[in-house]
Amino acid sequence: MAATTHTVTNQVPPLVGYDVFASDLALSEAVERHIVPGVLPGALEELGELGRSAGSAQAREWGEQANAYPPVLRTHDRYGHRIDEVEFHPAWHRLLGHAVEAGLTDAWGRPAGHVRRAAGFLVWTQAEAGHGCPLSMTHAAVPALRTDPALAAEWEPLLTSHAYEEGLRPAGQKSGVLLGMGMTEKQGGTDVRSNTTRAEPLSGKGEYLLTGHKWFCSAPMSDGFLVLARAPGGLSCFLVPRVLPDGTRNVFAIQRLKDKLGNRSNASGEVEFDGTWARRVGEEGRGVRTIIEMVAATRLDCVVGSAALMRQAVAQAIHHSAYRGAFGGLLIDKPLMRNVLADLALESEAATVLAMRLASAYDTDTEEERAFLRLAVPAAKYWVTKRCTAVVGEALECLGGNGYVEESGMPRLLREAPLNSIWEGSGNVQALDVLRALQREPKALNAFLREVGKARGADHRLDAAIKGLLTELADLEGIEARARRLVERIALVLQGSLLVRWAPPEVSDAFCASRLGGDWGSAFGTLPHSLDLASVVVRARPAVA
């Protein structure tokens, strides 16, 4: 009789069949905190449905397939006609359709819309992150289009629709559309004011013909795009539809798709405009000001998306440690591993609480909250997106060699992690944006200080950090060279203040001791051993049926 050589033991079951929303206590508590009671039951029901879908084996399979079979560019049909279409695996359409139907492009017109959408975006991104790009831009285009009431009346109902229709047709013939964006060019990148794309007016009705090249066009399969081009009156914003109202294709030559580090399920391309028809959005010469609201909304999505990647990575690490045995016991019970897991869980919860606080400010929409967002969004975008890669990398290590193979899903998370730090302005851009807010908009700093001041007196380490931050803000010498350090402190003080107010004591205590009090090393897993780390880990553990 042959010997049995492949008995499988001590392997961890996949993290599937669970409610991604309900298992995330930091997120579900934030939703209950920021949504008024009359709206809450409906929001919890829709987020619960989305959470169970995101944690299903089906969603996991869709995510794997969408990345295993990335989009393919078809520039011409079999007869030589230019078609410039991007083909996707059916799994991509399943993911995107489910997201649109769940309202992930609809925030601007329904009660608590931004909190509900941000929570849903955080949940569904954990199924697959790449398709979040068109969702984010479609959602964020609404405030830019509202600068032109006629355009908004035509396009906003389609952008916020809960119906997904793939394929290129005139927007007016579809029940729902998606929007992409094209701002950067080869010579400029983030410096969009160096754009050379030309816009020649056709009439006095806001119609133009565009000529130029966009180095990064996000989601080139979309129904329309917001782009920047130089009109006679200066740099202006334009809406470029892929298909014109009469059914003919607009001139939109996709030269190639980018071969990216991550985000491989999503298409990003270089496009050429050559007499491309467009409608102006907003006034001539005020293109950056017109599109800046879209940029602010997509920056918030960078924060939410990074919080989602962190949460999924931490959930996988804790789940693995709860089932994997080593050295006579489960990994989760080993003091050193518990320290690592708790440290990661702190970073994840701090990111989630901050992201949801920012979303709630959009819903409140008072002058005070708008001033708060002006400073808090770029600071959060800077810090949370940078922490994402470190968190995912450490969480992958918790799985050991099992985490380094593609089947675990962790390499995909790690490749995705740096994107949000780069997209919509990298770290230096965010730091400079914070400096501009501090120098030009005193109401922003005042609103921020009032926010963090709500937690004053509750933790001596937070109080000391606020005092230290004020000292740094008072010193203007070498301010640009110190900008990253300053923005980091702003983000940490804000996170600490939110956790002190809303998180369990074991979470806020550990955060303040390490991030604000300095009792922390240079790597994860260096929290003070006297803290209640077991409770922090238990709180972050995903509940699997």
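A donor-acceptor pair is defined here as one N or O able to donate and one able to accept, closer than 3.5 Å; such a pair exists between the side chain of T298 and the backbone of M294. Checking side-chain atoms of R299 against main-chain N and O of E424 turns up a donor-acceptor pair under 3.5 Å. Under the 3.5 Å distance criterion, the side-chain polar atoms of N263 are left unmatched by any main-chain donor or acceptor of L419. Side-chain atoms of R370 do not come within 3.5 Å of backbone N or O of F372 as any donor-acceptor pair. Put simply, the side chain of D148 never gets that close to the backbone of V281: no donor and acceptor are under 3.5 Å apart. Distance alone, capped at 3.5 Å, places no donor-acceptor pair between the N266 side chain and the G132 backbone. When atom types are taken as modelled, the side chain of E128 and the backbone of G130 share a donor-acceptor pair closer than 3.5 angstrom. K214 places no side-chain N or O within donor-acceptor distance of the main-chain N or O of F273, the cut-off being under 3.5 Å.
Two residues are said to be in side-chain contact when any heavy atoms from C-beta on lie closer than 4.5 Å; L47 and L27 fail this criterion. Looking only at side-chain heavy atoms (C-beta outward), P201 and P232 come within less than 4.5 Å of each other. Side-chain contact between F88 and H131 is absent, with no heavy atoms from C-beta onward closer than 4.5 Å. Using a 4.5 Å heavy-atom threshold, the side chains of T197 and E185 count as touching. With contacts defined as side-chain heavy-atom distances shorter than 4.5 Å, the pair W155/L179 qualifies. The shortest distance between side-chain heavy atoms of V487 and Q430 does not fall below 4.5 Å. Side-chain contact between R169 and V243 is absent, with no heavy-atom pair separated by less than 4.5 Å. Side chains of S426 and V429 form a contact here, defined as non-hydrogen atoms less than 4.5 Å apart.
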inquiry  = Please evaluate residues R117 and D363 with respect to the criterion salt bridge (charged side-chain N to carboxylate O under 4.0 Å, His left out), reporting the C-alpha separation (whole Å), side-chain torsions for both, the decisive distance (0.1 Å), and the verdict.
reply    = CA-CA 11 Å; R117 182 196 167 273; D363 280 330; over 6 Å; no

query = For L226 and C237, what are the C-alpha separation, side-chain angles and deciding distance, and is it a side-chain contact (heavy atoms from CB on, under 4.5 Å)?
reply = CA-CA 7 Å; L226 288 181; C237 179; 4.2 Å; yes

key: Stepwise salt bridge (charged side-chain N to carboxylate O under 4.0 Å, His left out) check, R357 with E451   = CA-CA 11 Å; R357 172 64 184 92; E451 177 69 22; 2.8 Å; yes

task = Might you work through the side-chain contact (heavy atoms from CB on, under 4.5 Å) test for V100 and T138, ending with a clear yes or no?
result = CA-CA 10 Å; V100 171; T138 301; over 6 Å; no

inquiry  = With side-chain contact (heavy atoms from CB on, under 4.5 Å) as the criterion, how do L209 and T276 come out once you've worked through the C-alpha distance, each side chain's angles and the decisive distance to 0.1 Å?
reply    = CA-CA 5 Å; L209 294 181; T276 302; over 6 Å; no

request  = Tell me, with the steps shown, if E156 and L145 meet side-chain contact (heavy atoms from CB on, under 4.5 Å).
outcome  = CA-CA 8 Å; E156 186 173 334; L145 290 176; over 6 Å; no

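A salt bridge (charged side-chain N to carboxylate O under 4.0 Å, His left out) check over residues 50-70, counting only residues at least two apart or in different chains, returns the pairs D19-R52, R60-E64. Among residue pairs with one or both ends in residues 94-105, those qualifying as side-chain hydrogen bond (donor to acceptor under 3.5 Å, both in side chains) are S53-H98; sequence neighbours excluded. Judged as a salt bridge (charged side-chain N to carboxylate O under 4.0 Å, His left out), the pairs with a partner in residues 380-390 (not counting sequence neighbours) are, in order, E347-R387. Sorted by first and then second residue, the ring pair (Phe, Tyr, Trp, His ring centres under 6.0 Å) pairs involving residues 282-306 (not counting sequence neighbours) form an empty list. Contacts classified as side-chain hydrogen bond (donor to acceptor under 3.5 Å, both in side chains) and involving residues 216-226 (residues at least two apart or in different chains) are given here: K174-D223.
Heavy atoms only, all atoms of each residue included: V304 and A118 are closest at CG1-O, 3.4 Å. Taking both residues in full, the closest heavy atoms of P241 and N250 are given as O-ND2, 2.9 Å, listed atom of the first, atom of the second, then distance.
In this structure, Y69 and H89 have parallel ring planes: the angle between them is below the 30° cut-off, well short of the 60° mark. Between W108 and H139, the two ring planes are parallel [angle under 30°; tilted spans 30° to 60°]. Between F252 and F225, the ring planes lie parallel to each other; the angle is under 30°, not in the 30° to 60° tilted range. Note on ring orientation: taking the six-membered ring where Trp is involved, the planes of H213 and W215 are tilted (angle from 30° to 60°).
In this view, H162 and D106 satisfy the side-chain hydrogen bond (donor to acceptor under 3.5 Å, both in side chains) rule, not counting sequence neighbours. Take E488 and apply the salt bridge (Lys or Arg N to Asp or Glu O under 4.0 Å) test, not counting sequence neighbours, and it matches no residue. Scanning for side-chain hydrogen bond (donor to acceptor under 3.5 Å, both in side chains) contacts around R116 gives E46, with sequence neighbours left out. Considering only residues two or more places apart in sequence or on other chains, E406 meets the side-chain hydrogen bond (donor to acceptor under 3.5 Å, both in side chains) condition with R415. Under the salt bridge (Lys or Arg N to Asp or Glu O under 4.0 Å) criterion, D259 pairs with R264, sequence neighbours left out. Residues forming a side-chain hydrogen bond (donor to acceptor under 3.5 Å, both in side chains) with S268 (at least two apart in sequence, or on another chain): K260. Looking at residues two or more places apart in sequence or on another chain, you find a salt bridge (Lys or Arg N to Asp or Glu O under 4.0 Å) between E270 and R256, K258.
The local environment of CZ in R289 is sparse, with at most 12 non-hydrogen atoms from other residues, nucleotides or ligands closer than 6.0 Å. Counting heavy atoms of neighbouring residues, nucleotides and ligands inside a 6.0 Å radius, atom CD of E207 exceeds 12 of them. Counted within 6.0 Å of CZ on R485, heavy atoms from surrounding residues, nucleotides or ligands total 12 or fewer; the atom is thus considered open.
Inspection of the D246 and T248 side chains reveals an N or O donor paired with an N or O acceptor under 3.5 Å.
The residues R249 and E85 are annotated as salt-bridged, a charged nitrogen and a carboxylate oxygen being separated by less than 4.0 angstrom.
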